[in-house]
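Reminder, nothing fancy here: chain letters follow the sequence lines and each chain counts from 1.
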Number of protein chains: 2
Amino acid sequence: MNSSHFSISLHILTLLDQVKGQLLNSEYIAGSINCNPVLVRKELANLHKHGFVQSKEGKGGGSTLAKSPADINLGDVYWAVKQKKLLGESKNEPNPNCPVGRQITQHLNDLYDEAETALVKSLSAKTLKDFSASFK
Amino acid sequence: MNSSHFSISLHILTLLDQVKGQLLNSEYIAGSINCNPVLVRKELANLHKHGFVQSKEGKGGGSTLAKSPADINLGDVYWAVKQKKLLGESKNEPNPNCPVGRQITQHLNDLYDEAETALVKSLSAKTLKDFSASFK
DNA sequence: TGTTCTGTAATAAAAATAGTTACAGTATGA
DNA sequence: TCATACTGTAACTATTTTTATTACAGAACA
């Protein structure tokens, strides 16, 4: 991963949990995150695609959690939100004429996959309920 | 982390290991990575600062490993190379007037620190020697 | 003493990320 | 039924981050 997708998504999910089923609209959420409402709606669209939230269109609409916070673990959020490699290359086209260049992409990918698995395992130890409960 | 610092550094270290003590110059290394030699020199400067490589200036100069590849573990490389948060925010200034916004940065940081620790533990299981040995 | 490197700074180009504007479609309720 | 307030999404712009380029002082070598 990278960027702030995970942070923003978890922020959204936490807010939705804190209001216990109340619908929150993208402008309110954006106000808490301090970002653009369209960015929130995009993030919500992704969370919706992965079954974490439900949205209601139209006047008085907004979003709410689609399942119990105890059933949302942060490792699953990670996978849902992930858009690109955790550790990795923006550009990466090593020289195929060099023995190291030719093979390194595969070896790095293997290494990163292992490392990412360890990271997700750590995240998976916590649910949204746990995370949200740490807010006073 | 993020970006390609880790990939590039590990690529450099692998090349240096493969040539067993021979000096490699930044242009050669850049040729294998397929990037700019100045980028390699900056990355080498950082690796040098952390004691992984030695460099020799002047004609016929170049770089070589400063310690045995068996004594370079990939977790240490990770820390040396890390320049910013693994999972995190480019911009992140949540609303201090919102209970969630006010506390989330700290909670996210705690979460990320744990996850990063798990990731580094995984990386630390391998040395440069191990990694380099997987190249045929 | 000319050549070939490193080290580093300053700048430019390219890529990625976030913000903005715009608008069709949906639900609500007066 | 019509004004209002949302979502969903696209197109575009601005900003930030990353990478490449140029430049040059200083070091080592032949």
Side-chain angles (χ1 to χ4, degrees), chain A residues 1-9 11-12 16 22-50 52-64 66 81-95, chain B residues 1-9 11-12 16 22-50 52-64 66 81-95:
Chain A
M1 182 156 69
N2 183 354
S3 77
S4 52
H5 289 287
F6 185 86
S7 298
I8 292 179
S9 282
H11 194 143
I12 293 171
L16 296 181
Q22 230 179 292
L23 290 173
L24 293 184
N25 67 37
S26 62
E27 196 169 345
Y28 179 90
I29 296 172
S32 172
I33 299 176
N34 188 22
C35 72
N36 194 283
V38 178
L39 189 59
V40 172
R41 298 210 283 273
K42 282 177 187 166
E43 214 61 44
L44 280 167
N46 184 56
L47 290 170
H48 180 250
K49 192 174 81 183
H50 288 88
F52 295 114
V53 304
Q54 282 181 312
S55 296
K56 190 180 166 195
E57 294 187 9
K59 188 173 179 178
S63 299
T64 187
V81 149
K82 176 181 175 179
Q83 299 193 343
K84 61 178 203 181
K85 292 206 189 77
L86 174 71
L87 293 162
E89 340 71 52
S90 313
K91 178 201 169 196
N92 181 25
E93 305 160 326
N95 186 347
Chain B
M1 181 155 70
N2 183 350
S3 78
S4 52
H5 288 289
F6 185 85
S7 297
I8 291 180
S9 281
H11 195 143
I12 293 171
L16 296 181
Q22 231 180 293
L23 290 174
L24 293 183
N25 67 38
S26 62
E27 196 171 345
Y28 178 90
I29 295 171
S32 171
I33 298 176
N34 188 21
C35 72
N36 195 283
V38 177
L39 188 61
V40 171
R41 298 210 283 272
K42 283 179 186 162
E43 215 60 45
L44 280 167
N46 183 56
L47 289 170
H48 179 250
K49 193 174 82 184
H50 288 88
F52 294 114
V53 304
Q54 282 181 312
S55 295
K56 190 180 165 194
E57 294 186 11
K59 188 173 180 179
S63 298
T64 187
V81 148
K82 177 181 173 179
Q83 298 193 343
K84 62 178 201 181
K85 291 205 189 76
L86 175 70
L87 292 163
E89 339 71 52
S90 311
K91 180 200 170 197
N92 182 26
E93 304 159 328
N95 186 346

Enquirer: Write down the distance between CD1 (Ile12(A)) and P (dT7(D)), rounded to a whole number of angstrom.
Expert: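 Spelled out: CD1 on Ile12(A) to P on dT7(D) is 11 Å.
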Enquirer: Who are the side-chain contact (heavy atoms from CB on, under 4.5 Å) partners of Glu57(B), not counting sequence neighbours?
Expert: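 Applying side-chain contact (heavy atoms from CB on, under 4.5 Å) to Glu57(B) gives none.
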Enquirer: Mind checking side-chain contact (heavy atoms from CB on, under 4.5 Å) for Gln54(A) and listing every partner two or more places apart, or none if nothing turns up?
Expert: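 Thr64(A), Ala66(A).
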Enquirer: With rounding to the nearest 0.5 Å, note down the distance linking CG in Leu39(A) to OG in Ser4(A).
Expert: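 Answer rounded to 0.5 Å: 6.5 Å.
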Enquirer: In this structure, how many angstroms lie between the P atom of dT21(D) and the CG atom of Leu39(B), rounded?
Expert: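 Result: 11 Å.
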Enquirer: Return the value, rounded to whole Å, for the distance between atom CD of Glu43(A) and atom P of dG19(C).
Expert: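 One finds 11 Å between P of dG19(C) and CD of Glu43(A), rounded.
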Enquirer: Between C1' on dC6(D) and CG on Leu23(A), what's the gap in Å once rounded to a whole number?
Expert: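 Distance, rounded to whole Å: 11 Å.
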Enquirer: If a pair satisfies side chain to side chain donor-acceptor pair (under 3.5 Å) and one of its residues is in residues 35-45 of chain B, list it, with sequence neighbours excluded.
Expert: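 Applying side chain to side chain donor-acceptor pair (under 3.5 Å) to every pair that reaches into residues 35-45 of chain B, excluding sequence neighbours, yields His5(B)-Glu43(B), Ser9(B)-Glu43(B), Ser26(B)-Arg41(B).
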Enquirer: Under the side-chain contact (heavy atoms from CB on, under 4.5 Å) test, which residues partner His48(A), sequence neighbours left out?
Expert: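 Applying side-chain contact (heavy atoms from CB on, under 4.5 Å) to His48(A) gives Val53(A).
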Enquirer: Report the distance from atom CD1 of Ile33(A) to atom C1' of dT17(C), rounded to the nearest whole Å.
Expert: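 In whole Å, dT17(C) C1' lies 15 Å from Ile33(A) CD1.
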Enquirer: Identify the residue among Leu16(A), Val40(A), Leu44(A) that makes a side-chain contact (heavy atoms from CB on, under 4.5 Å) with Leu24(A).
Expert: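 With Leu24(A) as partner, side-chain contact (heavy atoms from CB on, under 4.5 Å) holds for just one option, Leu16(A).
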Enquirer: Would you say Asn36(A) places a side-chain N or O within less than 4.0 Å of OP1 or OP2 belonging to dA18(C)?
Expert: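 Checking dA18(C) against Asn36(A), no side-chain N or O comes under 4.0 Å of OP1 or OP2.
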Enquirer: Spell out protein contact along nucleotides 3-10 of chain C as letters: B when the base is contacted, S when just the sugar-phosphate is, - when no protein heavy atom is under 4.0 Å; keep the 5' to 3' order.
Expert: BBBBBBB-
